[in-house]
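Some notes on the structure that comes next.
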Amino acid sequence: MNYSRNELLLADAAINQLRNAIYHLARFMVKNGKDDLKERLQRMGKNIARTYIKYWNPAERIDINNIKDVIITIYKKVLKSSVSVDLEDNDKLLLINDLDCALCKYKYDDIQIAGCEILLGFISEFINIINIDSKEKSFLMIEPVMIQESKAFGNKSCIQIFKYKIEVRT
């Protein structure tokens, strides 16, 4: 059965299939000597964001005042997950805590990568596309830092860390 991209956005099974595919893909890449799994998964996330943004956009502009709400909305809409978001102003870090990460539901003893590496790429690219396309003179940009904890490693939640900065158009 063929589905359009719009129909896939409404499909509940899509996340389960993606999660399963991530770990099969990771096993395949390890078996074939690929050692840059994190970068590859983040690149996949960025590519998904570039497509997804064509079908759904949660905000016209994302800034330091609404970043938490926008991220919570993205996780709820895209991943059917509730997250908490903290800003650490001193280090300009954004911490996302996901107790029920859709991509890291299980611990895999044979895989040493978190499925939510894809989210590092997806979230940063999604937010950056929205803000680059805005007409505002100053705008927020985020970049992936690391997965601090993951259910795939046996932790109770997944914690994704991003660095944020304010860019100014000249």
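Keep in mind the model is a prediction, meaning the values are calculated, not measured.
A heavy-atom distance below 4.5 Å is not found between the side chains of Gln160 and Ile123. You'll find the side chain of Asp110 reaches within 4.5 Å of the side chain of Arg27, heavy atoms only. Two residues are said to be in side-chain contact when any heavy atoms from C-beta on lie closer than 4.5 Å; Glu125 and Ile129 meet this criterion. The side-chain heavy atoms of Asn47 and Phe122, taken from C-beta on, include no pair separated by under 4.5 Å. Using a 4.5 Å cut-off on side-chain heavy atoms (C-beta onward), Ile64 and Leu140 make contact. Counting heavy atoms from C-beta on, the side chains of Ile67 and Tyr164 never come closer than 4.5 Å. Taking 4.5 Å as the limit, some side-chain heavy atom of Trp56 sits within range of a side-chain heavy atom of Pro58. Side-chain contact between Val83 and Val85 is present, with heavy atoms from C-beta onward closer than 4.5 Å.
Using a distance-only test at 3.5 Å, with no hydrogens or angles considered, a donor-acceptor pair links the side chain of Asn32 to the main chain of Phe28. Checked by atom type and distance alone, the side chain of Asp98 pairs as donor or acceptor with a backbone atom of Asp100 at under 3.5 Å. With hydrogens and angles disregarded, no donor-acceptor distance shorter than 3.5 Å links the side chain of Lys80 to the backbone of Ala102.
Listed here is the closest heavy atom pair of Leu41 and Glu117: CB-CB, 3.9 Å. Nearest heavy atoms, Asp63 versus Asn66: N-OD1, 2.7 Å. For the pair Ser134 and Asn131, the tightest heavy-atom approach, listed with the atom from each and the gap, is OG-O, 2.9 Å. Of all non-hydrogen atoms in Met141 and Asn128, the two that sit nearest each other are CA-OD1, 3.3 Å. Residues Leu95 and Leu93 approach most closely at CD1-CB, 4.0 Å, considering heavy atoms. Residues Gly121 and Ser124 share a closest heavy-atom pair of O-OG, 3.2 Å.
Counting non-hydrogen atoms of neighbouring residues, nucleotides and ligands closer than 6.0 angstrom, the CD atom of Glu60 reaches no more than 12 such neighbours. Shown here is Lys38, whose NZ atom has no more than 12 heavy atoms of other residues, nucleotides or ligands within 6.0 Å. A 6.0 Å sphere centred on NZ of Lys76 holds no more than 12 heavy atoms belonging to other residues, nucleotides or ligands.
In terms of hydrophobic clustering, with Ile, Leu, Val, Met, Phe, Trp and Tyr side chains grouped at heavy-atom distances under 4.5 Å, Leu119 and Val145 are assigned to different clusters. Both Ile48 and Leu79 sit in one connected hydrophobic cluster of ILVMFWY residues. Membership requires side-chain heavy atoms under 4.5 Å apart, directly or through other members. Phe153 and Leu103 are members of different hydrophobic clusters when ILVMFWY side chains are connected at heavy-atom separations under 4.5 Å. Linking ILVMFWY side-chain heavy atoms closer than 4.5 Å, directly or via other members, places Ile118 and Leu37 in a single hydrophobic cluster. Cluster membership check: Phe126 shares its hydrophobic cluster with Val78, using side-chain heavy-atom separations under 4.5 Å among Ile, Leu, Val, Met, Phe, Trp and Tyr.
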Discussion item. Please evaluate residues Lys34 and Arg40 with respect to the criterion side-chain contact (heavy atoms from CB on, under 4.5 Å), reporting the C-alpha separation (whole Å), side-chain torsions for both, the decisive distance (0.1 Å), and the verdict.
Written reply: CA-CA 10 Å; Lys34 304 297 180 194; Arg40 288 172 182 263; 3.4 Å; yes
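The existence of a salt bridge linking Glu167 and Arg169 is excluded, since no basic side-chain nitrogen approaches an acidic carboxylate oxygen closer than 4.0 Å.
The distance from atom NZ of Lys68 to atom CD1 of Ile62, rounded to the nearest 0.5 Å, is 15.0 Å. Atoms CD1 and OG, on Ile74 and Ser81 in that order, are 12.5 Å from each other to the nearest 0.5 Å. Put simply, CE on Met146 and CD1 on Ile161 are 5.0 Å apart, with the number rounded to the nearest 0.5 Å. The line from NZ of Lys92 to NZ of Lys163 is 8.5 Å long, rounded to the nearest 0.5 Å. Put simply, OH on Tyr75 and SG on Cys101 are 7.0 Å apart, with the number rounded to the nearest 0.5 Å. Distance CG/Asn97 to OG/Ser82: 11.5 Å, rounded to 0.5 Å.
Geometric assessment of Arg61 against the ring of Phe139 yields a negative cation-pi assignment under the 6.0 Å and 45° thresholds.
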